[in-house]
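Single-structure report; data block below.
The structure presented is a predicted model; accordingly, all values stated were derived computationally and were not measured.
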Amino acid sequence: MRGNNVLGLIFSDLHEERIRELTDKRTMGSVPFGGRYRLIDFPLSNMVNSGINKVGVITKSNYQSLMDHLGSGKAWDLSRKREGLSILPPFTSECTVFNSRIESLASINTFLANSREEFVLLSDSDVVCNIDFTDVVSFHMKHDADITIIYRTGKLPEKICDPTVYTIDKEDRVKDMLINPHTEGVCHYGLSMLLMKRELLMKMIADCVSRNLYNFKRDFLQRNIGTYKICAYEFKGYTQSICSMNAYFEANMALMQPAVRAELFNPDRPIFTKVRDDMPARYGLGSSVSNSLIADGCVIEGSVENCVLFRGVHVGKNTKLENCVVMQDTEIGANCHLNYVIIDKDAVIKNDRSLFGFHSYPVFISKGSVV
């Protein structure tokens with residue numbers, strides 16, 4: 001099955017309440033991650049690497065930084081005369097901002113109707129993984145499924161909002177679906193990605209709207225388990241759901257592990273992002289860096305250990321950073337000591353400051369703050 005017979009749809013704004021500190025001034029898809037990326041880079045790159053050349057990004061609010069990041073889609077080879085990347089507006093036909101996944105899909109009905117692809121792949125922006133969707137399409141066609149959901153087997157991640165747990169038979173068919181259950185131990189939980197025929201999607205959305213049913217999981221999926229053939233594809237690779245600030249912190253810290261980096265940033269399936277040309281990182285006399293990711297444009301004059309530093313970060317003399325995530329163009333003065341701290345973009349930490357969080361509760365400094 002050719003990937004270009006699949007239309008990709010990415011929800012850039014869902015679950016923003018999970019990390020309100022980072023989504024107060026931006027959408028979920030544009031949350032910085034891993035030193036140089038945004039969360040939307042992962043589903044978007046996965047789609048492009050799978051041969052999908054038409055992708056719509058559904059927005060809601062605070063999407064200026066997302067538009068600046070995506071631009072025309074050139075970094076993902078989606079800047080084209082036909083197909084390519086589309087930013088889908090956040091208004092329904094009644095000019096009110098939508099509040100649910102079903103409302104957002106209903107609002108882009110014209111976009112769906114004018115598309116020619118046979119299948120639609122839906123994905124959220126808050127799952128970090130590197131997945132080959134061509135395998136999902138092959139699985140979907142082999143099982144002659146109406147809907148294929150993507151799941152992972154394991155212990156349910158902590159603090160995840162409204163988790164979905166599936167009961168799956170030997171033929172990979174979903175027999176039952178539980179939403180926000182009290183589950184302990186190993187289970188099959190959803191990854192907020194699914195594949196289905198475009199015409200069936202439009203039909204089911206219209207049916208939900210006509211019945212005033214707007215809960216995607218309960219009214220779109222759970223209600224139709226007996227009506228349609230819903231199959232489940234297991235993804236066994238590395239995943240990290242950004243379901244809390246602690247999960248965001250741990251996902252960045254996990255990048256220190258070579259095995260995680262090798263799987264997420266597979267050179268055969270690269271994660272693309274907006275290019276920002278900058279000088280290489282500079283290390284001053286007496287500086288030291290260990291077990292850290294340092295992006296280009298950084299100037300390190302102090303000590304950095306177990307940290308992720310984004311582009312353009314400056315670390316002053318005699319300053320010690322431990323277990324920190326420091327975003328783009330942040331200035332950290334001299335003689336500071338920071339441990340378990342997340343610092344948003346363009347912040348300024350003045351000289352002689354000490355900030356200490358804990359592994360399960362890192363301190364957060366908001367964008368543009370002066371400490």
Side-chain angles (χ1 to χ4, degrees), residues 1 3 6-11 14-15 28-29 33-34 37 39-52 55 119-143 145-158 160-179 183 185-196 216-217 221 229-243 247 250-251 254-255 257 259-272:
M1 185 65 193
V6 179
L7 166 67
L9 286 178
I10 300 175
F11 296 90
L14 294 178
H15 312 138
M28 175 68 83
F33 179 81
Y37 301 96
L39 289 182
I40 199 171
D41 292 340
F42 291 88
L44 188 55
S45 297
N46 290 335
M47 290 180 179
V48 170
N49 290 331
S50 302
I52 299 174
V55 179
F119 299 98
V120 176
L121 176 67
L122 306 178
S123 176
D124 292 352
S125 298
D126 56 350
V127 176
V128 176
C129 66
N130 192 325
I131 180 173
D132 189 350
F133 287 124
T134 57
D135 294 339
V136 181
V137 176
S138 299
F139 174 94
H140 182 82
M141 298 187 68
K142 176 183 176 182
H143 288 73
D146 294 314
I147 301 173
T148 295
I149 60 96
I150 300 174
Y151 75 96
R152 182 172 175 81
T153 300
K155 190 175 181 180
L156 202 61
E158 295 182 5
I160 189 170
C161 297
D162 294 327
T164 305
V165 175
Y166 298 99
T167 301
I168 304 166
D169 66 15
K170 295 180 180 180
E171 285 74 40
D172 299 315
R173 184 164 181 174
V174 175
K175 306 305 292 184
D176 196 10
M177 172 180 173
L178 303 177
I179 301 171
T183 302
V186 175
C187 62
H188 307 309
Y189 62 91
L191 292 178
S192 299
M193 293 180 276
L194 65 84
L195 178 74
M196 63 187 301
F216 187 84
K217 291 182 178 180
L221 289 176
K229 185 178 181 180
I230 303 178
C231 292
Y233 173 88
E234 182 180 8
F235 177 62
K236 299 180 180 179
Y238 174 82
T239 62
Q240 179 69 52
S241 177
I242 309 301
C243 53
E250 290 182 350
L255 298 178
Q257 304 172 29
V260 172
R261 291 200 305 273
E263 187 167 342
L264 269 185
F265 305 109
N266 185 339
D268 296 327
R269 299 178 43 76
I271 303 298
F272 303 102

Q. What's the spacing between Met196 CE and Phe119 CZ if we round to 0.5 Å?
A. 11.0 Å
Q.
Applying side chain to side chain donor-acceptor pair (under 3.5 Å), can you list everything that pairs with Ser123, at least two apart in sequence or on another chain?
A. none
**Q.** Qualifying residues under side chain to side chain contact (heavy atoms under 4.5 Å, CB included), relative to Glu234, sequence neighbours excluded
**A.** Tyr151, Thr153, Lys236
Q. Is the Tyr37 ring parallel, tilted or perpendicular to the Phe42 ring (thresholds 30°, 60°)?
A. tilted
**Q.** Residues which pass ring-ring contact (aromatic ring centres under 6.0 Å, His included) with Phe133, listed by chain and number, not counting sequence neighbours
**A.** none
Q. Would you call Val174 and Ile149 a side-chain contact if the rule is heavy atoms closer than 4.5 Å?
A. yes
Q) Which residue pairs satisfy the salt bridge (charged side-chain N to carboxylate O under 4.0 Å, His left out) criterion with at least one member in residues 127-136, sequence neighbours excluded? A) Asp132-Arg269
**Q.** Sequence-distant partners of Phe11, ring-ring contact (aromatic ring centres under 6.0 Å, His included), two or more places apart
**A.** none
Q.
Quick check against the 3.5 Å criterion: does Lys229 have a side-chain atom that pairs as donor or acceptor with the backbone of His143?
A. yes
Q) Under 3.5 Å, side chain of Asn46 to main-chain N/O of Cys129, donor-acceptor pair present? A) yes
**Q.** Exam field: side chain His188 to backbone Tyr166, donor-acceptor pair closer than 3.5 Å
**A.** no
Q | side chain to side chain contact (heavy atoms under 4.5 Å, CB included) against Ser192, all qualifying residues, sequence neighbours excluded | A | His15, Asp124
Q) Looking at residues at least two apart in the chain, or sitting in another chain, which of them share a side chain to side chain contact (heavy atoms under 4.5 Å, CB included) with Lys142? A) none
**Q.** Counterpart residues, salt bridge (Lys or Arg N to Asp or Glu O under 4.0 Å), relative to Asp41 (two or more places apart)
**A.** none
Q | Phe235: partners by ring-ring contact (aromatic ring centres under 6.0 Å, His included), with sequence neighbours left out | A | none
**Q.** Arg173: side chain to side chain donor-acceptor pair (under 3.5 Å) partners, not counting sequence neighbours
**A.** none
Q: With the side chain counted from C-beta on, respond yes when Met47 and Asn49 share a heavy-atom pair under 4.5 Å apart, and no when they do not.
A: no
Q. What residues form a salt bridge (Lys or Arg N to Asp or Glu O under 4.0 Å) with Arg261, not counting sequence neighbours?
A. none
Q | Residues which pass side chain to side chain donor-acceptor pair (under 3.5 Å) with Asp146, listed by chain and number, not counting sequence neighbours | A | none
